[in-house]
2 protein chains.
Amino acid sequence: MICHIDPSNGIPIYEQIERQVKFAVANGSLLVGERVPSVRDMASQAAVNVNTVARAYRELQQQGILHSIRGTGLAIATDAPEICRHSRLNLIRERLRSVLQEAFQNQISADEIRTLVDEQCALLNQQPPASNQLNS
Amino acid sequence: MICHIDPSNGIPIYEQIERQVKFAVANGSLLVGERVPSVRDMASQAAVNVNTVARAYRELQQQGILHSIRGTGLAIATDAPEICRHSRLNLIRERLRSVLQEAFQNQISADEIRTLVDEQCALLNQQPPASNQLNS
DNA sequence: AATACTGTAATATGTATCTATTACAGTGAG
DNA sequence: CTCACTGTAATAGATACATATTACAGTATT
């Protein structure tokens with residue numbers, strides 16, 4: 001899989017990696033038993049430090065999404081698809097809630113919000129669908 | 001004015017203060033020439049350090065939204081309403097774009113997004129409208 | 001003049017994130 | 001066995017954010 005890091009969106013890099021692994025599992029882009037890219041591969045693809053990837057993988061292990069195969073790598077755990085399918089919308093919902101809360105607190109109407117949403121949906125649909133490929 | 005700080009939304013506190021002053025100006029809650037709460041008042045109301053408020057005010061000065069009256073305080077500048085009315089939707093648009101970009105990159109459909117938006121609009125409408133009052 | 005406010009600045013401390021680098025033990029293929 | 005790969009750990013350094021504390025100069029009120 002390929003990770004797209006946005007260094008300027010306020011979300012820590014290790015957490016962005018975490019989230020994208022979860023989405024990939026929920027999408028079926030990563031299957032149970034399949035190995036995730038090695039920390040060094042992922043780090044070089046994402047132009048990020050190895051420690052940062054290692055932290056993401058560590059937290060994914062603690063959540064039961066990855067399990068370690070000693071000396072070989074990290075693989076998608078059996079329970080991962082269920083966990084990640086459940087997380088899929090929640091990850092977006094939480095971020096969305098935070099934005100809309102600020103909007104409502106500052107007198108922006110639901111109509112204005114819906115207009116902004118439609119506008120951004122149109123813009124993002126035109127862009128390349130950010131190919132979520134598997135790795136080698 | 002009263003500031004609502006969310007320590008867990010990834011936006012630095014000084015920037016949250018900055019944004020809320022801009023919204024208040026755009027809304028007409030703060031009028032040209034009116035004084036903004038003193039750094040010490042704002043800090044105690046928001047349960048935040050004085051330096052953090054001072055940083056927000058400093059950046060608002062650099063943007064031409066506040067101007068200093070020596071020994072007396074900071075007041076809303078003449079150009080502030082125009083600047084802030086222009087910023088109003090853009091501040092939300094940028095945060096929204098970031099969230100929707102992540103959603104689209106991870107195969108969440110526009111329909112799913114719109115469902116989430118409507119769901120959150122309904123939830124937030126039920127809550128107290130977060131009174132954006134002027135101070136004493 | 002004295003007092004109580006303004007903003008502003010300097011200093012030190014703590015925490016979180018990220019980087020760079022080095023090292024080590026386990027695994028598998030040649 | 002050797003070599004190249006795994007994850008993992010330890011260390012050190014940089015930066016950003018926020019805190020606590022102290023201090024100072026300007027202004028207005030009494």
Side-chain angles (χ1 to χ4, degrees), chain A residues 1 3-21 30 33-77 80 98 135-136, chain B residues 1 3-21 30 33-77 80 98 135-136:
Chain A
M1 67 171 295
C3 256
H4 306 275
I5 300 302
D6 179 355
S8 66
N9 71 358
I11 302 181
I13 296 176
Y14 71 88
E15 202 177 320
Q16 293 187 41
I17 296 172
E18 235 183 293
R19 295 169 71 93
Q20 293 189 32
V21 169
L30 287 173
E34 188 176 356
R35 282 187 41 213
V36 92
S38 80
V39 288
R40 291 171 180 84
D41 279 355
M42 178 70 97
S44 92
Q45 282 172 14
V48 145
N49 192 271
V50 178
N51 299 325
T52 305
V53 179
R55 174 160 181 187
Y57 285 178
R58 192 201 323 146
E59 309 221 355
L60 287 167
Q61 285 184 69
Q62 290 169 351
Q63 297 169 26
I65 291 169
L66 294 182
H67 71 98
S68 170
I69 310 178
R70 288 176 306 162
T72 296
L74 296 170
I76 307 297
S98 175
N135 64 329
S136 58
Chain B
M1 68 170 294
C3 256
H4 306 274
I5 300 303
D6 178 357
S8 66
N9 70 358
I11 302 182
I13 296 176
Y14 72 87
E15 202 177 321
Q16 293 187 42
I17 296 172
E18 233 183 295
R19 296 168 69 93
Q20 293 190 33
V21 169
L30 287 173
E34 188 175 357
R35 281 189 41 213
V36 93
S38 82
V39 289
R40 291 170 179 85
D41 280 354
M42 178 71 97
S44 93
Q45 281 172 15
V48 144
N49 193 273
V50 179
N51 300 324
T52 305
V53 179
R55 172 158 183 188
Y57 285 179
R58 190 200 326 146
E59 309 222 353
L60 287 167
Q61 285 184 69
Q62 290 169 352
Q63 297 169 27
I65 292 168
L66 294 183
H67 72 99
S68 171
I69 310 179
R70 287 175 307 161
T72 296
L74 296 170
I76 308 298
S98 176
N135 63 331
S136 56

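Just so it is clear, the structure is predicted and the values come from calculations on it, not from any experiment. Order of the sequence lines sets the chain letters (A, B, ...), proteins ahead of strands, with each chain counted from 1.
- Residues that satisfy the side chain to side chain contact (heavy atoms under 4.5 Å, CB included) test with S44(A), not counting sequence neighbours, are absent from this structure.
- In plain terms, the two heavy atoms of Q20(A) and H4(A) that are nearest each other are NE2-O, 2.6 Å.
- Annotation: of the two residues near DNA chain D, R40(B) and A47(B), the 5′-most nearest-nucleotide partner is A47(B).
- Side chains of Y57(B) and P37(B) form a contact here, defined as non-hydrogen atoms less than 4.5 Å apart.
- Residues V39(A) and V53(A) come closest through the heavy atom pair CA-CG1, 3.8 Å.
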Donor-acceptor pairs are to be reported for all side-chain atoms of residues 61-72 of chain B against protein atoms at under 3.5 Å, with residues two or more places apart or in another chain.
from, atom 1, to, atom 2, distance (Å)
Q63(B), OE1, K22(B), NZ, 2.9
Q63(B), NE2, E18(B), OE2, 2.9

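- For DNA chain C, the neighbouring residues in residues 51-65 of chain B, judged by any heavy atom under 4.0 Å, are N51(B), Q61(B).
- Within 4.0 Å of L74(B), counting heavy atoms only, lie sugar-phosphate atoms of the nucleic acid but no base atom.
- Between D6(B) and N9(B), the shortest heavy-atom contact is O-OD1, 3.3 Å.
- Across A56(B) and Y14(B), no two heavy atoms sit closer than the pair CB-O, 3.3 Å.
- With axes fitted over five pairs at each extremity, the angle between the ends of the helix from dA1(C)-dT30(D) to dG30(C)-dC1(D) is 0° (10° resolution).
- You can see that DNA chain D meets the heavy atoms of chain A within a 4.0 Å-exclusive cut from dT6(D) to dA10(D), reading 5' to 3'.
- Residues M42(A) and C3(A) are in side-chain contact: their nearest non-hydrogen atoms beyond the backbone lie under 4.5 Å apart.
- In this structure, the side chains of I17(B) and I5(B) come closer than 4.5 Å at one or more pairs of heavy atoms.
- Between I11(B) and Q16(B), the shortest heavy-atom contact is O-NE2, 2.8 Å.
- Residues of residues 9-17 of chain B that place a heavy atom closer than 4.0 Å to DNA chain D, in numerical order, are P12(B), I13(B), Y14(B).
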